[in-house]
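First the proteins, then the strands, lettered A, B, ... as listed; each starts at 1.
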2 protein chains.
Amino acid sequence: MAAQPQRGVSASTPVSQAADADAVTATAAGAAPAHGGSIAGVAQRAGVSVATVSRVLNGHANVRPATRERVLAEVEASGYRVNELARNLRTAESRLLLTMVPDFGNPFYAEIVRGIDALARQHGYFMLLCDTGADEGRERSYFDLLRRHRADGAICLDPATVQHALAAESTALPWVACCEFDPAVGVPYVGIDNYRAAGDAVRHLIARGRRRIALINSDEHYLYAQQRRDGYLDALRDAGLDARDAWRVDVHCLDYDAGAKAAAALVRDGEAPDAIFAVSDTLAVGVINGLRGVGRRVPDDVAVVGFDDLALSAQIDPPLTTIAQPMRELGETAARLLLQRLADPRASVPGVLLPHRLVVRGSG
Amino acid sequence: MAAQPQRGVSASTPVSQAADADAVTATAAGAAPAHGGSIAGVAQRAGVSVATVSRVLNGHANVRPATRERVLAEVEASGYRVNELARNLRTAESRLLLTMVPDFGNPFYAEIVRGIDALARQHGYFMLLCDTGADEGRERSYFDLLRRHRADGAICLDPATVQHALAAESTALPWVACCEFDPAVGVPYVGIDNYRAAGDAVRHLIARGRRRIALINSDEHYLYAQQRRDGYLDALRDAGLDARDAWRVDVHCLDYDAGAKAAAALVRDGEAPDAIFAVSDTLAVGVINGLRGVGRRVPDDVAVVGFDDLALSAQIDPPLTTIAQPMRELGETAARLLLQRLADPRASVPGVLLPHRLVVRGSG
DNA sequence: TTGAAAGCGCTAACAA
DNA sequence: TTGTTAGCGCTTTCAA
């Protein structure tokens with residue numbers, strides 16, 4: 001598949017509803033010598049070779065202090081900046097880490113991404129953030145950035161089904177899985193024990209006297225969804241409770257409205273649940289809203305437990321009982337694993353499980 | 001007073017830091033010939049010159065169909081991928097757009113970023129997302145990526161104070177301002193009419209019979225904060241209403257807790273406001289929570305109006321009355337302006353104002 | 001300690 | 001239509 005670069009942007013932008021205030025004409029610049037100039041200019045003006053300038057720029061030890069000063073002074077004076085395009089070609093690395101998330105509008109992913117970003121920057125990398133929409137095609141095309149030397153490594157938060165596809169094509173590329181992972185894929189990963197976490201949520205509801213517990217789950221392209229479902233099912237079974245199919249619904253999108261709709265549907269039926277466990281706080285927020293919309297009180301009529309512990313979840317009414325994930329650490333760990341892998345491609349990089357915890361608030 | 005404190009945080013999971021499950025050892029690879037190989041190999045195997053391969057790869061017209069097929073077949077067979085590091089050096093462009101946001105944890109920015117990303121990708125660019133924390137130092141160091149040829153252009157959502165600093169150092173660099181802008185800086189921008197929007201919010205409250213209207217504002221490093229304050233003040237004055245200093249508070253962070261704390265403080269005093277206008281929905285969500293915490297009912301005791309119209313805002317109880325910003329379009333337009341600027345550096349690029357609108361829901 | 005020079009892999013001007 | 005070749009700006013041997 002050849003690259004089809006769409007160079008040039010012809011769009012003259014008629015922007016209809018735009019009341020264009022004032023127009024900014026190109027500033028000074030003109031066809032100026034771009035910015036900076038090259039290392040050669042600096043070398044010449046400093047009276048040294050390009051090699052010496054390079055050595056100074058890269059902090060190599062074997063440069064006479066006087067020479068170093070001279071070079072640094074010239075760099076300062078000319079405002080020279082290294083051209084990292086050239087450096088990257090020469091050193092064969094992009095210093096970019098690719099992060100692929102199914103939906104960065106979800107605050108859960110936003111927080112993880114911050115963790116990745118912080119750690120990456122700390123190690124001299126920048127993060128290229130790509131929203132895949134959990135779509136295998138987009139995922140694949142982003143992943144291809146590794147092969148095109150646009151990124152040095154990747155962190156994938158997409159569904160296991162998608163990860164399997166990646167793994168089939170490219171076992172050897174440096175990537176790691178975060179939050180969503182299948183140990184069988186054979187790449188380093190970090191996540192939590194979803195099975196146990198879901199069990200904890202359900203056992204909590206049972207301990208509070210709930211008996212008709214529903215599950216609003218993500219779609220089962222996600223392994224975590226399967227694991228949480230199993231955790232839910234086994235916890236019910238262990239308690240000798242009914243697990244009706246009608247009390248299990250999969251949604252294909254974790255946004256608020258999906259939760260609201262699913263909840264309203266759940267309680268519409270004859271034998272309505274007295275508790276709902278939703279596998280994401282965004283869903284749970286919607287659930288609470290949906291229940292309110294059909295006149296059910298939380299937690300009196302229906303208890304609600306979410307998953308993630310977003311900042312938001314403590315703010316709503318009633319505040320959400322939920323399973324907290326260490327989002328920041330998940331991101332940081334993923335980045336660390338990837339960096340390890342990049343530093344030593346033949347090193348053995350572990351799979352890591354981080355602890356979750358139940359946070360009890362007012363909703364259930 | 002912050003939200004309902006976490007009543008019981010039962011640490012159900014002892015799991016020490018990292019229970020490393022299984023270890024992933026480096027896969028096949030070894031010291032393999034990296035991925036791909038170069039254009040020269042493809043050329044040789046296809047029996048053509050590198051120039052021809054390059055032409056095929058870039059979709060140039062003047063290649064005989066038969067030749068093209070042969071090259072394409074070889075590319076396919078060998079799994080060759082272009083090295084964009086090399087291409088970028090040669091063409092002197094990185095095909096990366098830098099987006100600098102004060103806080104991408106804020107859903108407002110997340111939605112704008114999606115707009116930028118969508119449009120950028122549509123034009124063959126990727127987006128480098130940088131969280132500056134509204135810090136001038138970080139901003140400056142990110143901005144330097146332009147000079148180091150790491151990014152072709154930048155979109156800045158940071159405070160005007162920070163933008164002024166940038167502008168002083170680099171009028172000629174290709175960047176645009178989004179949401180937060182000062183026409184005087186002389187770079188293309190897109191945003192809304194903050195003065196009028198704030199006025200609309202306040203006039204709505206007045207029309208609903210509110211007389212003691214408080215303002216919870218962002219800190220005044222942001223020009224938009226000054227504009228919204230002026231809109232608020234003038235709307236009050238035009239209605240002949242009191243504008244007490246005690247009813248105006250600036251917060252330095254737009255998160256939920258900041259709103260909750262500010263609201264609780266506002267109603268603690270003797271002459272409490274009967275309405276609160278918060279310049280961000282995240283703040284407003286916190287405000288509603290804070291008021292609930294001190295036993296005030298919304299909207300009966302205190303009406304609340306927010307700003308932005310996040311997806312979340314329709315979900316909470318009561319649902320938030322707010323000023324909607326066209327977030328997606330703001331992002332897309334910013335990207336479009338930047339792309340225009342890159343396509344033709346001497347073109348006159350306009351400042352663009354997009355429409356806002358008042359969304360009336362239950363909170364005020 | 002410093003410099004000369006070879007390339008990294010690609011694109012594009014120029015020739016054929 | 002195709003090939004030859006000169007760089008893009010840098011890092012890094014290898015020699016001095």
Side-chain angles (χ1 to χ4, degrees), chain A residues 2-5 7-8 33-72 74-75 78-95 124 145-150 152, chain B residues 33-72 74-75 78-95 124 147-150 152:
Chain A
Q4 183 51 281
R7 299 269 164 61
H35 19 273
S38 78
I39 210 175
V42 176
Q44 192 182 351
R45 290 191 301 273
V48 298
S49 72
V50 292
T52 298
V53 177
S54 174
R55 280 189 275 255
V56 170
L57 257 23
N58 292 287
H60 291 191
N62 45 351
V63 178
R64 202 149 43 94
T67 311
R68 172 183 308 281
E69 290 317 315
R70 199 142 38 90
V71 171
L72 254 20
E74 178 52 36
V75 166
S78 62
Y80 167 79
R81 293 292 193 294
V82 68
N83 181 334
E84 299 196 348
L85 250 27
R87 170 182 288 173
N88 288 344
L89 171 61
R90 182 56 229 237
T91 58
E93 55 177 15
S94 66
R95 296 253 125 198
L145 291 171
L146 292 182
R147 296 200 187 82
R148 291 189 270 138
H149 299 265
R150 238 11 247 254
D152 294 339
Chain B
H35 19 275
S38 77
I39 210 176
V42 177
Q44 192 183 352
R45 291 191 300 275
V48 298
S49 73
V50 293
T52 298
V53 176
S54 174
R55 280 189 277 255
V56 171
L57 257 22
N58 291 288
H60 290 193
N62 45 352
V63 178
R64 202 148 45 94
T67 311
R68 172 184 310 279
E69 288 319 312
R70 199 141 38 91
V71 170
L72 254 18
E74 177 52 36
V75 166
S78 62
Y80 166 80
R81 293 292 192 294
V82 69
N83 182 333
E84 299 197 346
L85 251 28
R87 170 183 286 173
N88 289 344
L89 171 60
R90 181 55 229 237
T91 59
E93 55 177 14
S94 66
R95 296 253 128 198
R147 296 199 186 84
R148 291 188 272 136
H149 299 265
R150 224 39 228 255
D152 294 338

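- With sequence neighbours left out, the side chain to side chain donor-acceptor pair (under 3.5 Å) criterion links A:Glu93 to A:Arg95.
- Under the salt bridge (charged side-chain N to carboxylate O under 4.0 Å, His left out) criterion, B:Arg150 pairs with A:Glu84, sequence neighbours left out.
- Proximity of residues 61-71 of chain B to DNA chain D (heavy atom under 4.0 angstrom from any strand atom) is restricted to B:Asn62, B:Val63, B:Arg64, B:Thr67.
- Terminal axes of the helix from C:dT1-D:dA16 to C:dA16-D:dT1 (five pairs each, C1' rotation axis) are separated by 40°, to the nearest 10°.
- For A:Thr91, there are no side chain to side chain donor-acceptor pair (under 3.5 Å) partners at least two apart in sequence or on another chain.
- We find the CG-CG distance between A:Leu145 and A:Asp152 to be 11.5 Å, quoted to the nearest 0.5 Å.
- Across all their heavy atoms, B:Arg55 and B:Asn62 have their closest contact at CD-OD1, 4.1 Å.
- Rounded to an integer number of Å, the gap from CD of B:Gln44 to P of D:dG3 is 13 Å.
- Taking B:Ala40 as the reference, B:Ser38, B:Val50 meet the side chain to side chain contact (heavy atoms under 4.5 Å, CB included) condition, with sequence neighbours excluded.
- Rounding to the nearest 0.5 Å places CZ of A:Arg148 at 10.5 Å from CG of B:Asn88.
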**Report entry** side chain to side chain contact (heavy atoms under 4.5 Å, CB included) assessment of B:Asn58 paired with B:Arg87
**Finding:** CA-CA 11 Å; B:Asn58 291 288; B:Arg87 170 183 286 173; 3.3 Å; yes
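- Rounded to whole Å, the distance from CG on B:Asn88 to P on C:dT11 is 10 Å.
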Query - Criterion side chain to side chain contact (heavy atoms under 4.5 Å, CB included) on A:Ile39 and A:Val82, from CA distance to verdict - result: CA-CA 7 Å; A:Ile39 210 175; A:Val82 68; over 6 Å; no
If you look only at distance, which donor and acceptor atoms sit under 3.5 Å apart when one is on a side chain in residues 64-71 of chain A and the other is two or more places apart or in another chain?
{"from": "A:Arg68", "atom 1": "NH2", "to": "A:His60", "atom 2": "O", "distance (Å)": "2.9"}
{"from": "A:Arg70", "atom 1": "NH1", "to": "A:Ala46", "atom 2": "O", "distance (Å)": "2.6"}

Report summary line: A correct 5'-to-3' footprint of nucleotides 9-16 of chain D, with B, S and - meaning base, sugar-phosphate only and no protein heavy atom under 4.0 Å, is BBBB----
